[in-house]
Amino acid sequence: MNHPECPIAVVMAAGKSTRMKSQTPKVLHTVAGRSVIDYVLQAGIDGCGIDEFVVVVGHKADRVQSYLTERWGNAVRFALQDPQLGTGHAVQQAEALLKDFDGDVLTLAGDTPLVTADILRRLYTAHRKSGAAATMLTARMDDPAMYGRVIRAKDGSVLRIVEARDAGEEERKVDEINASIYCFRAPLLFEALRKVRPVNNQGEYYLTDVISVLVEKGERVEAVTSPDPNVVMGVNTRAEMARAAALIRTSVLEKLMDSGVTVMDPANTYIDITVEIGQDTIIYPGTVIEGETKIGARCVLGPHSYIRDSEFADDVSFMMSRAWQARVDKGVSVGPFANLRPEAIVGADSIIGSFVELKKSVLGQETHVCHLTYIGDAFVGDRANVGGGTITCNFDGERKHQTFIGPDSFIGSNNTLVAPVSIGEGAFTAAGSTITENVPTDALGVARERQVNKEGWAAARRKAKRKQP
Ligand code: UD1
Ligand code: MG
């Protein structure tokens, strides 16, 4: 059993996400590179050292459960809430898993991606210090909209929470809101939950009612008010999701700039929280960098580039291009208008020019593929030059085949390399060739019709035309 000094977290993630109008449960939506619920769990770990989560699942439980198991393993256990009868009912489902636990429960809503480790630490520290039965997190908002309102007595003590839907006119004017993040002494929480009744506008068992149950019982309820209202923002709609993403992106960009990255126009730069970028890299506007991407130092990215799940070494220049699951080594220049597809690997100091597409191919160092080319399922050696308009014909309609282009070789312009085929080290192919057979080392492969010049043909044609009546 967990040491009472270390709280267990209960995370509510069973709701129907009705307002999202989505086939995906809202806690699994991705915001700036991480799913909504991952932010919540990470803040619990970083802020309070939580190593045991009970996640309440219900709506699309299988999806939420398999996602979290894969991501967090044994740190997460699940309580099923079916049907979903409200936040109080949700937390009640965790009781069976916490039967003998008499420590503190940190109760979190799965839909607050901006929650920080710092605010959770403050909440838990205050809770431990005061020894209250419950400590809730609140914030003051200019527009409290649909948040639950915190109703306090004249002496300032918390009396209850009233949901916006159930609030009277005066109560709706209250600007202090409930963040849906609380610390409870576990036994008192579950005892109070048994007294909650679904008497409200939605006919649900509200977790918020636990506060008034405890107050009426004479227990001590405290509140910690977040100085920043954004960190408690709950995302219930697509518009709120977009606002949360914008706030996270802003903080990602600020951290990057603090670490020595130049972001020319932060309002037009979109970088996931999962991305790492080295010092003195310059990012032009319109650049989107997503997923597990690592960028080295002194790179120049954009304008208008999309980079996902890729690895760039130092000194890469990448202009108006796309990279997806690609690796680009030191000093490479890419673009404009290049498309690096999965498993493209470009060796150091190579040049990938305009309208070049690479897929599942390894390119050596100082290799030039400068214009209008498709390289798929290929190996290209060091210092090779692939002429403009070259295509590796890797697909015969049924299967994919490999092309090998040796080091120091020179592929003439507008070549069609019909795979499987191999061009030897130092070999040349003539412009306009359709190469269907291997070209040996140091040889020249010519595979095109010899040109025929018909002497006087054009003059004869003009003469014939003039004779016509
Ligand atoms: C809740 C609070 C409100 C607070 C706001 C802060 C209640 C009744 N209201 O409102 O006071 O200001 O959060 O963001 O608690 N969930 C379940 N099972 C259910 C219902 C919900 O697990 O039966 C989960 C949801 O998946 C979600 C969380 O609980 O992650 C909160 O539910 P939500 O419907 O978003 O509550 P709000 O209306 O935002
Ligand atoms: Mg909510």
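Quantities reported herein were computed from a predicted structural model and do not represent experimental measurements. For ligands, and for the atoms within them, numbers begin at 1 and follow the listed sequence. Start at 1 with the first residue, then count along the sequence.
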**Request:** Among all protein heavy atoms, pick out the one at the shortest distance from atom 12 (O) of ligand 1; state its residue, atom name and that distance to 0.1 Å.
**Result:** Asn178 O, 2.6 Å
**Prompt:** Cut-off 3.5 Å, side chains only: do Trp324 and Asn339 have a donor facing an acceptor?
**Reply:** no
**Request:** Tell me, please, whether Tyr39 has Arg34 positioned over its six-membered ring: NZ or CZ under 6.0 Å from the ring centre and within 45 degrees of its axis?
**Result:** yes
**Asked** Does the side chain of His59 come under 3.5 Å of the side chain of Ser17 through a donor N or O and an acceptor N or O?
**Response** no
**Prompt:** Above 12 or not: heavy atoms from other molecules or residues under 6.0 Å from NZ of Lys360?
**Reply:** no
**Fill in**
The atoms of ligand 1 lying under 4.0 Å from a heavy atom of Ala13, numbered in the order shown, are 22 (O), 26 (O)
**Request:** Please lay out, stage by stage, how Ser35 and Tyr67 fare under the test side chain to side chain donor-acceptor pair (under 3.5 Å).
**Result:** CA-CA 10 Å; Ser35 70; Tyr67 172 81; 3.1 Å; yes
**Request:** Using modelled atom types only, decide if a donor and an acceptor are shared between the side chain of Gln93 and the backbone of Ala90 within a distance under 3.5 Å.
**Result:** no
**Complete:** The atoms of ligand 1 lying under 4.0 Å from a heavy atom of Ala179, numbered in the order shown, are 6 (C)
**Complete:** When distances are taken from atom 16 (N) of ligand 1, the protein heavy atom at minimum range is Gly15 N, 3.6 Å
**Asked** Using heavy atoms and a threshold below 4.0 Å, how should the contact between Ala14 and ligand 1 be classified: side chain, backbone, both, or neither?
**Response** both
**Request:** Using a 4.0 Å heavy-atom threshold (strictly under), name the region of Gln81 that reaches ligand 1: side chain, backbone, both or neither.
**Result:** side chain
**Request:** Begin with the C-alpha distance, continue with both residues' side-chain angles, and end with the deciding distance and a verdict on side chain to side chain donor-acceptor pair (under 3.5 Å) for Ser350 and His368.
**Result:** CA-CA 6 Å; Ser350 291; His368 293 183; over 6 Å; no
**Prompt:** Just going by heavy-atom distances, which of Ser180, Ala145, Ala164 is nearest to atom 13 (O) of ligand 1?
**Reply:** Ser180
**Prompt:** What's the verdict on side-chain contact (heavy atoms from CB on, under 4.5 Å) for Val332 and Phe318, showing C-alpha distance, side-chain angles and the deciding distance?
**Reply:** CA-CA 8 Å; Val332 168; Phe318 193 87; over 6 Å; no
**Message:** What protein heavy atom lies closest to atom 24 (C) of ligand 1? Include the residue and the distance to one decimal.
**Reply:** Met12 CB, 3.6 Å
**Asked** Excluding waters, which protein N, O or S atoms are within less than 2.8 Å of the Mg ion (ligand 2)?
**Response** Asp111 OD2, Asn236 OD1
**Asked** Any side-chain donor-acceptor pair under 3.5 Å between Gln42 and Asp46?
**Response** yes
**Fill in**
Logged contact type for Lys26 with ligand 1, heavy-atom cut-off 4.0 Å, is side chain
**Asked** To the nearest 0.1 Å, how far is atom 34 (O) of ligand 1 from its closest protein heavy atom, and which atom is that?
**Response** Arg19 NH2, 3.4 Å
**Nearest protein heavy atom with distance in Å, relative to atom 7 (C) of ligand 1** = Thr87 OG1, 3.5 Å
**Prompt:** Identify the closest protein heavy atom to atom 10 (O) of ligand 1: which residue and atom is it, and at what distance?
**Reply:** Glu163 OE1, 4.0 Å
**Request:** From the options Val232, Val235, Ile181, Leu137, select the one residue that forms a side-chain contact (heavy atoms from CB on, under 4.5 Å) with Thr112.
**Result:** Ile181
**Complete:** of all protein heavy atoms, closest to atom 14 (O) of ligand 1 is Tyr147 CE2, 3.8 Å
**Request:** Could you give me the CA-CA distance, side-chain angles and deciding distance for Lys217 and Leu188, then say whether side-chain contact (heavy atoms from CB on, under 4.5 Å) is met?
**Result:** CA-CA 10 Å; Lys217 202 182 147 216; Leu188 294 174; 3.6 Å; yes
